[in-house]
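Shown next, in structure tokens, is the structure this report addresses.
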Amino acid sequence: MARVRTTNPLRTAAVALTAVAAVAAGWGGWSRYDASHDDSAAYAQARDDALAAGEQAVQNLNTLDHAKLAEGLDSWEDSTTGDLHRQLVDGRKGFVEQIEAARTVSTAQVLSGAVTELDDRAGKAGVMVALRVTVTAPEGKPAVKESRMLGQLTRTSDGWKLSALGQAPVGNTAG
């Protein structure tokens, strides 16, 4: 009489689940490796870094308290590089005289920002930042102004720094 061999259903299920788990682990590992070596992820990180630095630098350059003048002007210089940095360093004495005479406090709040261009390889980026600046003089009510600024950033050994800053055009420029 021939012996009929029966398989244990629990053993079959365990082998099948082990195989599925091994395939899932391999797939997950490969996906993680692929994502960590993906150029688009690195580009997105560079964009996010440039935006954060640009927003902070524009905010810094629009914030100044006459009572903490040296600290404020140091922040301006720490946020910049290139020609803009040289202009701020060269004009520091004039800024001190103007702000001490006016005795104003200006504070900026970033409303929104965007990277307008990014060349990660060259270490150059452009940003547009919308902000609200409140200027408080010793007498009178605070003056509030909203504006859009265009900035150029350069990546330095210390990270992204503002290398140019100006007002963004407002209104319809079509002829």
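Numbering starts at 1 and runs along the sequence shown. No experiment lies behind these values; they were computed from the predicted model shown.
Between Gln167 and Ser147, the closest heavy-atom pair is NE2-CB, 3.7 Å. Between Leu84 and Ser163, the shortest heavy-atom distance links the atoms CB-O, 3.4 Å. Scanning both residues, Gly113 and Leu51, for their nearest heavy atoms gives C-CD1, 3.6 Å.
Side chain of Thr63 to main chain of Ala108: a donor-acceptor pair is present (N/O by atom type, distance under 3.5 Å, no hydrogens or angles). For His85 (side chain) and Glu77 (main-chain N/O), a donor-acceptor pair under 3.5 Å exists by modelled atom type. For Thr116 (side chain) and Gly126 (main-chain N/O), a donor-acceptor pair under 3.5 Å exists by modelled atom type. Checking side-chain atoms of Thr104 against main-chain N and O of Ala137 turns up no donor-acceptor pair under 3.5 Å.
For Ala125, the side chain to side chain contact (heavy atoms under 4.5 Å, CB included) partners at least two apart in sequence or on another chain are Ala50, Leu118, Leu153, Trp160. Considering only residues two or more places apart in sequence or on other chains, Arg148 meets the salt bridge (charged side-chain N to carboxylate O under 4.0 Å, His left out) condition with none of them.
Atom CG of Asn60 and atom CD of Glu55 lie 11.5 Å apart (nearest 0.5 Å). Here Gln109 contributes atom CD and Arg132 contributes atom CZ; the two are 5.5 Å apart, rounded to the nearest 0.5 Å. Between the OG atom of Ser106 and the CG atom of Leu64 there is a distance of 5.5 Å, given to the nearest 0.5 Å. The line from CD of Gln98 to CG of Leu69 is 10.5 Å long, rounded to the nearest 0.5 Å. Distance CG/Leu73 to CD1/Ile99: 8.0 Å, rounded to 0.5 Å. With rounding to the nearest 0.5 Å, the separation of CG in Asp65 from CZ in Arg103 is 10.5 Å.
Connection of Val129 to Leu61 is established within a shared hydrophobic cluster, with ILVMFWY side chains joined at heavy-atom distances below 4.5 Å, either directly or through further cluster members. Put simply, Leu131 and Val135 are part of the same group of oily side chains (I, L, V, M, F, W, Y) that touch within less than 4.5 Å, one to the next. Val96 and Val105 fall into different hydrophobic clusters, where Ile, Leu, Val, Met, Phe, Trp and Tyr residues are linked whenever their side-chain heavy atoms come under 4.5 Å apart, directly or through other members. When the side chains of ILVMFWY residues are joined at heavy-atom separations under 4.5 Å, either directly or via intervening members, Val115 and Leu162 end up in a single hydrophobic cluster. The hydrophobic clustering, which links ILVMFWY residues whose side-chain heavy atoms are closer than 4.5 Å, places Val127 and Leu150 apart.
Lys124 places a side-chain heavy atom less than 4.5 Å from the side chain of Thr154. Residues Val133 and Thr107 form no side-chain contact, since every pair of their non-hydrogen atoms from C-beta on lies 4.5 Å or further apart.
Side-chain N/O atoms of Gln87 and Asp83 include no donor and acceptor closer than 3.5 Å. Counted by atom type alone, Lys161 and Ser79 present zero donor-acceptor pairs between their side chains at under 3.5 Å.
In this structure, Asp74 pairs ionically with Arg92, as a charged nitrogen and a carboxylate oxygen lie closer than 4.0 Å. Under a 4.0 Å N-O distance rule, the pair Arg155/Asp120 qualifies as a salt bridge.
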Original post:
Passes side-chain contact (heavy atoms from CB on, under 4.5 Å), Arg121 versus Asp119? Steps please.
Top reply: CA-CA 6 Å; Arg121 290 185 179 163; Asp119 185 342; 3.8 Å; yes
**OP:** Given side-chain contact (heavy atoms from CB on, under 4.5 Å), test Phe95 with Leu88 step by step and report yes or no.
**Re:** CA-CA 9 Å; Phe95 291 133; Leu88 294 174; 3.8 Å; yes
